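Report on the following structure.
Along the sequence shown, residues carry numbers from 1. All ligand and atom numbering here is 1-based and tracks the order in the structure. Keep in mind that what you see is a predicted model, and the values were worked out from it rather than measured.
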Amino acid sequence: QTGYITLDDGYGNTGSCKSAITFIDGDRGILRYRGIPIEQLAERSNFVETAYLIIYGELPTHDQLRKFSDLLTLNQMLHEDMKFHFEGFPPHAHPMGILSSMINACGCFNPSLFADEEVSQFDLQVAQLISQVRTIAAFSYRKSKGLPIIYPKKAYKYSANFLHMMFSDPYEDYELKVEVVRALDLIFLLHADHEQNCSTSTVRMVASSRANLFASAAAGVCALWGPLHGGANQAVLEMLQEIHQSGDDGSKFIQAAKDKNSGKRLMGFGHRVYKNHDPRAKIIKRQCDILLETLHIKDPLLDIAKKLEEAALGDSYFVERKLYPNVDFYSGIILRALGIPTEMFTVMFAIGRMPGWIANFKEIREEEGSRIYRPRQVYVGPTIRSYTPMEERK
Ligand code: SDX
């Protein structure tokens, strides 16, 4: 069938789609967005430029980047009527539930009032999603704390505006430290796409039915929410806090994580594809040291994380199963240093992953002769049998 290649990477992953967006070599720990190594993008690019690369396939020229940034700015406000939706959620509602609902709600409102004839519907929706996912996240945080919502500012760039909407007050703007903005922007960049992970495959599945971009992205948010996927960054922090509060130096927890009956896993370790170091984890770990030193923060959880990594990498259980730190192992340390509450960690992942979801939606919709996804199954249920009347059932 068009676009279908049966793959089996030897680790039980049998894929079934072609894509030109992200390349991963799990054995060698390689990750490239549109052919460019993640290490170079982390060093030299930023989230908005990388989002453009992932969605449109090439690094933008100066003019293309300016137009893209301007479109994000013009579309950063939610339709004012959407504020009423926030009123309907209870204060303890998980922000991922709010995010998936509000993304679908965005799709119900008219395109931006600022559109002009040069901008296609798709480009407008791209700008709305990438820009407003930030606004929704910040508004839901402020509402959950009973704080007045803070509107975005035209003068601020992407990540700075998010921090402003999260932490400013009506009477005093949040102090935007360069290192803090850079650290958050890097987190978003490193999460921007990752081949056919659970949530991206979900977006492709929904997109293949010709559902709209907002519905596809909302489905991606729901898939990302799970603790085995995007929810892992929140689970890692909770694990580190549990270890810290117990006074364990990590060695007891490592033993528990190896014991199938303990119900514990070393969260942030292991990966469906990486059977070597996740290159994102290495970059984030380095950024942890830089940021905490700059902010003069001594976080005991970082020390515990490093001890866990050292212990696991010297333990045959983890080595034999090729379990290494993944993107989630250290990311929570940075988010915690930025003041992001733990319950918002997976929302950060969703903001970062939005360009990848959009690019995969676009790829499906532009693929010549692409058809609705319809995974096949191996039937293992009962063979044919007759209906049993109620009185004969046991
Ligand atoms: C993300 O796909 C993507 O690209 C995802 C992602 C992205 O950017 O989109 O990279 C983001 O989701 C990263 C993963 C975040 N999740 C976690 O950190 C949760 C903890 N990790 C595990 O649950 C697990 O490693 C998975 C889910 C990530 C991967 O699962 P696999 O490859 O299916 O591994 P498995 O469950 O088949 O385990 C193989 C063996 C088992 O032991 P045995 O049965 O062989 O004795 O390894 C063990 C598992 O029990 N194992 C672990 C472990 N992960 C696997 N044991 C302890 N701790 C762990 N974390």
- Just need the protein heavy atom nearest to atom 12 (O) of ligand 1, so name the residue and atom and give the distance. His229 ND1, 2.9 Å
- Task: Indicate whether atom 39 (C) of ligand 1 is within a distance of less than 4.0 angstrom of some protein heavy atom.
- Result: no
- Message: Under 3.5 Å, is there a donor on one side chain and an acceptor on the other for Asp289 and Tyr330?
- Response: no
- Message: Walk me through whether Phe214 and Gln128 qualify under side chain to side chain contact (heavy atoms under 4.5 Å, CB included).
- Response: CA-CA 10 Å; Phe214 295 89; Gln128 283 176 308; 3.7 Å; yes
- Task: Tell me which part of Asn326 gets within contact of ligand 1: side chain, backbone, both or neither, using heavy atoms under 4.0 Å.
- Result: side chain
- Starting from atom 21 (N) of ligand 1, find the nearest protein heavy-atom neighbour and note its residue, name and distance. Phe269 O, 2.9 Å
- Message: If we only consider heavy atoms of Tyr274, is any one of them less than 4.0 Å away from an atom in ligand 1?
- Response: no
- Using a heavy-atom cut-off of under 4.0 Å, does the side chain or the backbone of Arg265 touch ligand 1, or both, or neither? both
- Item | Ring center gap for His194 and Tyr274 short of 6.0 angstrom | yes
- Query: Nearest protein heavy-atom contact for atom 56 (N) of ligand 1: which residue, which atom, what distance?
  - Reply: Tyr317 OH, 2.9 Å
- ligand 1 atoms nearer than 4.0 angstrom to some heavy atom of Arg280 are 7 (C), 8 (O), 10 (O)
- What protein heavy atom sits nearest atom 28 (C) of ligand 1, and how far off is it? Gly270 O, 3.7 Å
- State if Lys275 counts as touching ligand 1 under the rule of any non-hydrogen atom under 4.0 Å. yes
- Considering heavy atoms of the protein only, find what lies nearest to atom 47 (O) of ligand 1 and give residue, atom and distance to 0.1 Å. Arg321 CD, 3.5 Å
- Heavy atom under 4.0 Å from ligand 1: found in Thr200's side chain, backbone, both, or neither? neither
- Query: Could any protein non-hydrogen atom be found less than 4.0 Å from atom 34 (O) of ligand 1?
  - Reply: no
- Item | atom 4 (O) of ligand 1 [closest protein heavy-atom partner, distance rounded to 0.1 Å] | His194 ND1, 2.6 Å
- Note on the structure: Per-atom filter on ligand 1: closer than 4.0 angstrom to a heavy atom of Gly268 are 17 (C), 18 (O)
- Task: Give the contacting part of Gln196 toward ligand 1: side chain, backbone, both or neither, where contact means a heavy-atom distance below 4.0 Å.
- Result: neither
- Message: Once you measure the plane-to-plane angle for Tyr151 and Phe139, does it fall in the parallel (<30°), tilted (30-60°) or perpendicular (>60°) bin?
- Response: perpendicular
- Give a yes/no on ligand 1: does Phe349 have at least one heavy atom closer than 4.0 angstrom to it? yes
- Message: Hydrogens and angles aside, do Asp193 and Thr22 bring a side-chain donor and acceptor to less than 3.5 Å of each other?
- Response: yes
- Minimum heavy-atom distance between Leu301 and Leu237, given as atom pair plus value: CD1-CD1, 3.6 Å
- At the 4.0 Å heavy-atom cut-off, does Lys260 count as touching ligand 1? yes
- Message: Could you walk me through whether Phe188 and Val48 satisfy the side chain to side chain contact (heavy atoms under 4.5 Å, CB included) test, starting with their C-alpha distance in whole Å, then the side-chain angles of each, then the deciding distance to 0.1 Å, before giving a yes or no?
- Response: CA-CA 9 Å; Phe188 288 151; Val48 167; over 6 Å; no
- Centre of Tyr373's six-membered ring, under 6.0 Å away, within 45 degrees of the axis: is that where NZ or CZ of Arg204 sits? no
- Item | Shortest reach to atom 57 (C) of ligand 1 by a heavy atom, considering only Pro227, Ala257, Gly230 | Ala257
- Item | Candidate with minimal heavy-atom separation from atom 17 (C) of ligand 1, of Ala232, Gly226, Ala223 | Ala232
- Query: Contact between Val273 and ligand 1, counting heavy atoms under 4.0 Å?
  - Reply: no
- Regarding Asp63 and Thr61, is there a side-chain donor-to-acceptor distance under 3.5 Å anywhere? no
- Item | Protein contact of atom 53 (C) of ligand 1 - nearest heavy atom, named by residue and atom, plus distance | Leu323 CD1, 3.9 Å
- Just heavy atoms, cut-off under 4.0 Å: does His191 contact ligand 1 by side chain, backbone, both, or neither? neither
- Of Leu190, Asp328, Leu266, the one whose closest heavy atom lies nearest atom 60 (N) of ligand 1 is Leu266
- Salt bridge present between Asp173 and Lys153 (N-O < 4.0 angstrom): yes
- Query: Thinking salt bridges, do Asp25 and Arg32 make one under a 4.0 Å N-O criterion?
  - Reply: no
- Note on the structure: Quick look: Arg353 vs ligand 1, heavy-atom contacts under 4.0 Å, and the answer is side chain
- Item | Test item: Ile297 and Leu302 side chains (from C-beta on) under 4.5 Å apart, heavy atoms | no
- In plain terms, say whether Glu367 and Lys18 are close enough for a salt bridge, that is, a side-chain N and a carboxylate O under 4.0 Å apart. no
- Message: Ignoring hydrogens, what is the shortest heavy-atom contact between Tyr156 and Asn161? Give both atom names and the distance.
- Response: O-ND2, 3.4 Å
- Query: How are the rings of His79 and Phe109 set to each other: parallel, tilted or perpendicular (split at 30° and 60°)?
  - Reply: tilted
- Verify the contact flag for atom 44 (O) of ligand 1, where contact means a protein heavy atom under 4.0 Å away. yes
- Message: What protein heavy atom lies closest to atom 37 (O) of ligand 1? Include the residue and the distance to one decimal.
- Response: Arg272 NH1, 4.7 Å
- Item | His229-Ser199 side chain donor-acceptor pair, cut-off 3.5 Å | yes
- For ligand 1, note which part of Leu228 has a heavy atom under 4.0 Å away: side chain, backbone, both or neither. both
- Message: Could you tell me, atom by atom, which parts of ligand 1 come under 4.0 Å of a heavy atom of Asn197?
- Response: 2 (O), 3 (C), 4 (O), 5 (C), 9 (O)
- At under 4.0 Å between heavy atoms, what of His271 touches ligand 1? The answer is both
- Message: So which atom in Val221 and which in Met96 form the shortest heavy-atom distance, rounded to 0.1 Å?
- Response: O-CE, 3.4 Å
